[in-house]
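In this text the structure is predicted, and so the values were computed from the model without any measurement. Both backbone and side-chain heavy atoms feed into the values below; hydrogens, waters and symmetry mates do not. Reminder, nothing fancy here: chain letters follow the sequence lines and each chain counts from 1.
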Protein chains: 2
Amino acid sequence: MVVDTERTDRVFRALADATRRDILLRVMRGESSVSTLASYYPMSFAAVQKHVVVLERARLVTKRKQGREQLVLGESSAIEHAIEQLERYEIEWRERLVRFDEVLQNSLKGRKQ
Amino acid sequence: MVVDTERTDRVFRALADATRRDILLRVMRGESSVSTLASYYPMSFAAVQKHVVVLERARLVTKRKQGREQLVLGESSAIEHAIEQLERYEIEWRERLVRFDEVLQNSLKGRKQ
DNA sequence: ATAACGTACAACCATATGGTTGTAGATACC
DNA sequence: GGTATCTACAACCATATGGTTGTACGTTAT
């Protein structure tokens, strides 16, 4: 079950930065050129361009060339992948609660006897 | 809306490592001492202890002392926090699809006239 | 043709990260 | 008491990360 860790690593790593999360929100609302994105943040164009590369490698965004611009667009599948990963933990949690409940039930039965 | 970025950073950062994700799965199944956890991985006790600290700072796990052992337990609220964050992106995505659909509908109406 | 714009990428820097070994303090065992 | 176990933490190292500036190249505008 240690499949896909590379991808999962990259997705969570990409999401672990506030600037990248903000870029992602913007490009899920609609595609935007890299320089337009750069104009929103108090850092150099190169820094923003690097953030886009990180998002791209995590497959959270895609780019398409239009003239001299590179338009960045959010990709929903990677988000879904991340949510699926997290839901595994929720499932574990619920199963744990169920087991706890069983133990509780058994101990109550024990008392009644 | 730039609230809570520190916490979100820490949660995603903590999840961006396969060893930490595995530790998290184990301690959501049931609490475990740090040295027991360490026995599962091909690295030093100190390395695993550091991973636990990272999970702890992200509030993905809690510790409680029992004798000389420190028992680590998964915390569901941080996972839920992370899922909530990700669902924001899903919502953006759906809204984007709705807008796209509206544009499409309008262009179809336009043609009919 | 030349200037301006948008992008990519290299080189560099400071700091963070993930690992190591070693040391020291509590607690449990004999 | 003495020894083994569990944990925490410091010091260290190599590499990754997030930022910078500078350069090069293709595209658009004058």
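- Take the nearest nucleotide of DNA chain D for B:Arg13 and for B:Val53: the residue whose nucleotide is more 5' is B:Val53.
- The nucleotide range of DNA chain C contacted by chain B, defined by atoms under 4.0 angstrom from heavy atoms of the protein and reported 5' to 3', is C:dT17 to C:dA28.
- One finds no side-chain N or O of A:Lys65 lying less than 4.0 angstrom from the OP1 or OP2 phosphate oxygen of D:dT27.
- Nearest nucleotide to the side chain of A:Arg68, out of D:dC6, D:dA8, D:dT28: D:dT28.
- In this structure, A:Arg13 forms no cation-pi arrangement with B:Phe12, as its terminal cationic atom is not both closer than 6.0 Å to the ring centre and no more than 45° off the ring axis.
- Applying a 4.0 Å cut-off to non-hydrogen atoms, the residues of residues 35-49 of chain A that approach DNA chain C are A:Ser35, A:Phe45, A:Ala46, A:Gln49, listed by residue number.
- Partner of B:Leu24 under the side-chain contact (heavy atoms from CB on, under 4.5 Å) criterion, chosen from B:Arg26, B:Arg21, B:Met28: B:Met28.
- When the P atom of D:dA8 is taken as reference, atom NZ of B:Lys50 falls 14 Å away, rounded to whole Å.
- Residue A:Ala82 comes nearest to A:Val11 through the heavy atom pair CB-CG1, 3.8 Å, listed as atom of the first residue, atom of the second, then distance.
- Results of the side-chain hydrogen bond (donor to acceptor under 3.5 Å, both in side chains) test with B:Lys63 over B:Glu69, B:Gln70, B:Glu56 single out B:Glu56 as the only residue that passes.
- Under a 3.5 Å cut-off, the side chain of A:Arg59 and the backbone N or O of A:Glu75 do not form any donor-acceptor pair.
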Item checked: Worked verdict on A:Glu6 versus A:Arg10 for salt bridge (charged side-chain N to carboxylate O under 4.0 Å, His left out) -> CA-CA 6 Å; A:Glu6 276 286 310; A:Arg10 277 198 292 266; 3.3 Å; yes
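- In this structure a side-chain-to-backbone donor-acceptor pair under 3.5 Å is missing from B:Arg20 to B:Leu55.
- Smallest separation of non-hydrogen atoms from A:Leu60 and A:Ala14: CD1-CB, 3.7 Å.
- At the heavy-atom level, A:Ser33 lies under 4.0 Å from the strands shown only through sugar-phosphate atoms.
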